[in-house]
Number of protein chains: 2
Amino acid sequence: MPHEEAAAGLDRVDQRYTRGRRALVEVLAGADRPLTVPEILAASGSAVPQSSAYRSLTVLIDAGVVRRVTGTDDMGRFELAEHLRGHHHHLHCVSCGTVADVQAVPRLERALAAAAELAAEETGFAVMEHRIDLVGHCSGCR
Amino acid sequence: MPHEEAAAGLDRVDQRYTRGRRALVEVLAGADRPLTVPEILAASGSAVPQSSAYRSLTVLIDAGVVRRVTGTDDMGRFELAEHLRGHHHHLHCVSCGTVADVQAVPRLERALAAAAELAAEETGFAVMEHRIDLVGHCSGCR
DNA sequence: CTTCCTGCAAAAGTTTTGCATTAAC
DNA sequence: GTTAATGCAAAACTTTTGCAGGAAG
């Protein structure tokens, strides 16, 4: 259970670990892929109203507990942050929009880190993280 | 001018290259980064109404002329397809949401292509394209 | 107790759709 | 001339916000 980490993260930004926020973390911890807000609401059994979900997700992102992922459509998808979930990348399905998790490949990670640094130098961009996404058709949509 | 390519692409999917669609292609051809729909509308001087812009962009994507990019926020951003614009990647600014283009690095591209193939084998995903995005703060937001 | 979070409802913003008109071929 | 794209207006959908009530520390 990632509750300790979540509590610690919230504490860092002077936020409380309330019942609603705990429910959100629990839903995300039980998912094997990033979830949309409608999916989160359904999974929590209407224990969390929309507005609180959006507000709490924003807070959790701020606390470094949750990460927002954008797919091929423009619908917010949410997952636990890397230190709670492990480093991985995403497969985006162009037909149904679903995002699936995929394990990171160490060799690729090293190459990427180097390239990101290079790109940062060239552009004056302060790089915080990199993303590699593979886009295509998931097994269900083929 | 990418008009010939656009016309050809539309022809392939039995679509007409109309005045409105030409205007959209022209706006995107003149941009150095992916644009949101509001930005596109502003740039075209209200020559294209919202609904037509969305409808035409969908058609142009279908024709392989335009590509949709998703940033850190959930707002659609559009740019010309790779064969009209050249291969490149994106820098996403987490504070203002702007997406800037960045030239691709050949060495990295090779590593990525190999990794994408590997990931495809492991997951049963039919990979169509890969994306590398760097996320951070742009020079204006630092 | 005091402060912050929640919940409802309504607003704001982007994207989609129906239908009559207009333009493309 | 026929078919398909457009333009307007209004709907649908996700996300944001105001404000009174309730929970957390």
Side-chain angles (χ1 to χ4, degrees), chain A residues 3 6-27 34-63 65-66 68-78 96-99, chain B residues 3 6-27 34-63 65-66 68-78 96-99:
Chain A
H3 289 306
L10 286 169
D11 207 51
R12 236 181 294 120
V13 290
D14 291 313
Q15 292 281 343
R16 298 169 182 171
Y17 197 31
T18 62
R19 190 162 40 81
R21 294 171 183 183
R22 193 173 289 120
L24 291 176
V25 169
E26 220 143 84
V27 167
L35 300 179
T36 64
V37 169
E39 284 170 342
I40 292 170
L41 297 180
S44 73
S46 308
V48 182
Q50 265 202 29
S51 60
S52 297
Y54 280 106
R55 267 195 280 233
S56 294
L57 285 170
T58 303
V59 170
L60 287 167
I61 288 170
D62 212 56
V65 175
V66 167
R68 177 185 207 136
V69 176
T70 17
T72 51
D73 54 8
D74 286 306
M75 209 168 172
R77 285 162 205 274
F78 301 86
C96 68
T98 301
V99 179
Chain B
H3 290 307
L10 286 168
D11 207 51
R12 235 182 292 119
V13 291
D14 290 314
Q15 292 279 345
R16 298 170 181 169
Y17 197 32
T18 62
R19 190 160 40 81
R21 292 171 184 182
R22 192 172 290 121
L24 292 175
V25 169
E26 220 143 84
V27 167
L35 300 180
T36 65
V37 168
E39 285 170 342
I40 292 171
L41 296 179
S44 72
S46 307
V48 182
Q50 263 202 29
S51 60
S52 297
Y54 280 106
R55 266 195 280 234
S56 295
L57 286 171
T58 303
V59 170
L60 287 167
I61 289 170
D62 213 56
V65 175
V66 167
R68 179 186 204 133
V69 176
T70 18
T72 51
D73 55 8
D74 286 308
M75 208 167 175
R77 285 162 206 272
F78 301 86
C96 67
T98 301
V99 179

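The structure displayed is predicted, hence computed values, not measured ones. All chains are named by letter (A, B, ...) in the order of the sequence lines, taking the proteins before the strands, and each is independently numbered beginning at 1.
Scanning both residues, B:V37 and B:L57, for their nearest heavy atoms gives CG2-CD1, 4.1 Å.
Remark: A:H3 NE2 to A:L10 CG distance equals 12.0 Å, nearest 0.5 Å. Rounding to the nearest 0.5 Å gives a distance of 9.0 Å between OG of B:S56 and CD of B:Q15. Rounding to the nearest 0.5 Å places CE of B:M75 at 13.5 Å from OG1 of A:T70.
For B:R68 and C:dT16, the CZ to C1' distance is 12 Å, given to the nearest whole Å. Nucleotide D:dA5 holds its P atom 12 Å from the CG atom of B:D62, rounded to whole Å. Here the C1' atom of nucleotide D:dA24 and the CG atom of A:L10 are 13 Å apart, to the nearest Å. Atom CG in B:L60 sits roughly 11 Å away from atom P in D:dA5 (whole-Å rounding). Distance A:L24 CG to C:dC5 C1': 13 Å, rounded to the nearest Å. In this structure, B:Y17 atom OH and C:dA23 atom C1' are separated by 16 Å, rounded to whole Å. One interatomic measurement links the two molecules: CZ of B:R77 to C1' of C:dT15, which rounds to 15 Å at whole-angstrom precision. Put simply, CD on B:Q15 is 16 Å from P on D:dT3, counting in whole angstrom units.
Counting heavy atoms from C-beta outward, A:V59 and A:V66 have side chains that stay 4.5 Å or more apart. With contacts defined as side-chain heavy-atom distances shorter than 4.5 Å, the pair A:F78/A:L60 does not qualify.
In terms of phosphate contacts, B:R21 brings a side-chain nitrogen or oxygen within less than 4.0 Å of OP1 or OP2 of D:dT6.
For the segment residues 48-55 of chain A, the set of residues with a heavy atom within less than 4.0 Å of an atom of DNA chain D comprises A:Q50, A:S51, A:Y54, A:R55, in numerical order.
Residue-level contact check: A:T36 touches neither bases nor backbone, having no heavy atom under 4.0 Å from any strand. Among the protein residues, A:R22 comes within range of no part of the nucleic acid, since none of its heavy atoms lies under 4.0 Å from any strand.
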Distance-only criterion, 3.5 Å: show the donor-acceptor pairs between side-chain atoms of residues 40-55 of chain B and protein atoms not counting sequence neighbours.
{"from": "B:S44", "atom 1": "OG", "to": "B:I40", "atom 2": "O", "distance (Å)": "3.4"}
{"from": "B:S44", "atom 1": "OG", "to": "B:L41", "atom 2": "O", "distance (Å)": "3.0"}

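Nearest to the side-chain atoms of B:P38 among the listed nucleotides C:dA23, C:dT14, D:dA5 stands C:dT14.
Looking at which nucleotide of DNA chain C each of B:M75 and B:R19 is closest to, the 5′-most match is held by B:M75.
With hydrogens and angles left out, the side chain of A:R16 and the base of C:dT3 share a donor-acceptor pair within 3.5 Å.
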